[in-house]
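Here is the structure we will look at, set down as structure tokens.
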There are 2 protein chains.
Amino acid sequence: MTDVTTFYVTVDVVLFTIRDRKLHLLLTRRLAKLFENHYALPGGFVTEDESLDAAAMRELAEETGLLDVHLEQLYTFGDPGRDFRGRTITVAYYGLVPHDQRLQSLTDGCNATWFPVTDLPQMAFDHRKIAEYALERIRNEIDHSNVVFELLHGRFTLTELQSVHQAILGQPLDKRNFRRKVLQKGIVEPTQEWRQTGRKPAQLYRFVQADAARG
Amino acid sequence: MTDVTTFYVTVDVVLFTIRDRKLHLLLTRRLAKLFENHYALPGGFVTEDESLDAAAMRELAEETGLLDVHLEQLYTFGDPGRDFRGRTITVAYYGLVPHDQRLQSLTDGCNATWFPVTDLPQMAFDHRKIAEYALERIRNEIDHSNVVFELLHGRFTLTELQSVHQAILGQPLDKRNFRRKVLQKGIVEPTQEWRQTGRKPAQLYRFVQADAARG
DNA sequence: TCAAAAGTGTTGAAGATACACCCATGG
DNA sequence: CCATGGGTGTATCTTCAACACTTTTGA
């Protein structure tokens, strides 16, 4: 084992949310010398005794204050030359959070900001590629996975759920078809609560966790 | 960067083929002290200046003699404790090869052997988990991806293609439905060649590479 | 002439798409 | 009383699943 190359290993998180009915993702401003002031995905080095999943959660918490975010592994990027400081591979994750989360960095100054996915700034390293890969993935998985429910709180109206789908796909959906589909898939069920905000009260639904699958 | 943990990084390859109409995967016998004589996925350490993809191809070539195998990244496993020699993460790949490839190890003695996926031996490290994850993945992707064509040579009969699908899924398919499906998906096209082997000659088809997608 | 694999259509069920109006509420 | 979003049904098309017999060839 002594003559074997070792690597720096980082995790990077592509975190999505919806604001103004549009899909956004979170970028931080880099403080370090390399790529100083460029935008980058939240992330950082994996430490000695934590799993990759745990590292992704920890880094996200440190840079945004967000806890208990459900993350899924996306892909591992490891081309030589993707980080000039040394041989570094990054394990990318993605996740979604409700739109109203307050962000606060523990490591002050890294200034996390939401950007619409249609209008992303220049990014450090190969983070642009990672972000686009994540976007492609959630669009492909929206119908088969339950990650979308991470964007909503426990109870939600079907219109809210539809709005989430539309934001991710970037296109409108038919209301009646959408409602029929999610109801007969059995992934949501009605509650006896109603949302009073707005004009006519709307019935609230909840996500049915039949099998907590990887999705 | 000086106080940052470094990791050993390996690649492991779950290579499938079909023999006797059943799906098999390739395991090698370990020579190293740790887990000596256990079966393990072909793989090894990533070197200083190669990409992860290249490392997977190289390791596979070294242990089996197979060149130009199309591999897809599967998942990255990095729990602390998965390798007792030190903190090691592995980037797993999967791929498929035609059944008639001759195997020959360059690093003699590692003795690559095909095992039916229904009857796998004990394996070193967390390789069992990796193998099962790969199996789940190809079954899920069989309809959306073109990896199955890696199992066939340039020209093939529809019966051969169907046999490949059946082996992967582990269940029989209806001949007429299968043929209609692949034809109207437009992923195969007939040639003017016929296979004489067997009784009645069968028309040969070829894979249509419209978009060389990751898919 | 027989054994073995090649090839070929139809029907019914389920799922997807397109489409328009009335309702309850707060201002 | 009106503006806003909530809620509902039908007709059509496409897709998927089930199902059996005839053809060609080599032995």
Would you say C/dA5 has OP1 or OP2 under 4.0 Å from some side-chain N or O of B/T159?
-> no
Under 4.0 angstrom, heavy atoms only, what part of the nucleic acid is B/K175 near: base, sugar-phosphate, or nothing?
-> base
Would you mind reading off the distance between B/K185 atom NZ and D/dT14 atom C1', rounded to a whole angstrom?
-> 15 Å
Considering only heavy side-chain atoms of A/R199, the closest of C/dG26, D/dG6, C/dA6 is C/dG26
Phosphate OP1/OP2 of C/dG7: any B/R179 side-chain N/O under 4.0 Å | yes
Protein-nucleotide distance (B/N177, atom CG; D/dT14, atom P), rounded to Å | 18 Å
Separation of C/dT17 atom P from A/Q162 atom CD, nearest Å, is 13 Å
May I ask you to say whether A/R195 pairs ionically with A/E160, meaning some side-chain N is under 4.0 Å from a carboxylate O?
-> yes
Quickly work out the A/Q184 CD to C/dA14 P distance and round it to whole Å.
-> 11 Å
Measure from CD on B/Q196 to C1' on C/dA5 and round the result to the nearest Å.
-> 14 Å
Quick one: pull up CD in B/E150 and OG in B/S145 and give me the separation to the nearest 0.5 Å.
-> 9.0 Å
Indicate whether the side chain of B/Y94 and that of B/E141 have a donor and an acceptor atom separated by less than 3.5 Å.
-> yes
Counting any heavy atom closer than 4.0 Å, what does B/Q203 reach on the DNA or RNA strands: base, sugar-phosphate only, or nothing?
-> sugar-phosphate
Whole-Å distance separating the CG atom of B/D174 from the P atom of C/dG9 | 14 Å
For DNA chain D, whose closest nucleotide is more 5', that of B/K200 or that of A/A202?
-> A/A202
With the side chain defined as heavy atoms from C-beta on, A/P201 is closest, among D/dC19, C/dA18, C/dT25, to C/dT25
Between CZ of A/F178 and P of C/dA18 the distance, given in whole Å, is 16 Å
Look at the side chain of A/R176 and decide which nucleotide, out of C/dC19, D/dT25, C/dG7, has an atom nearest to it.
-> C/dC19
Any donor-acceptor pair under 3.5 Å joining the side chain of A/R180 to the base of C/dT17?
-> yes
Scanning both residues in full, the closest heavy-atom pair of B/T64 with B/A112 reads CG2-CB, 4.3 Å
Atom pair distance, as rounded to whole Å: CH2 in B/W194 and C1' in C/dG7 = 9 Å
What about the rings of B/F16 and B/H24, do their centers lie closer together than 6.0 Å?
-> no
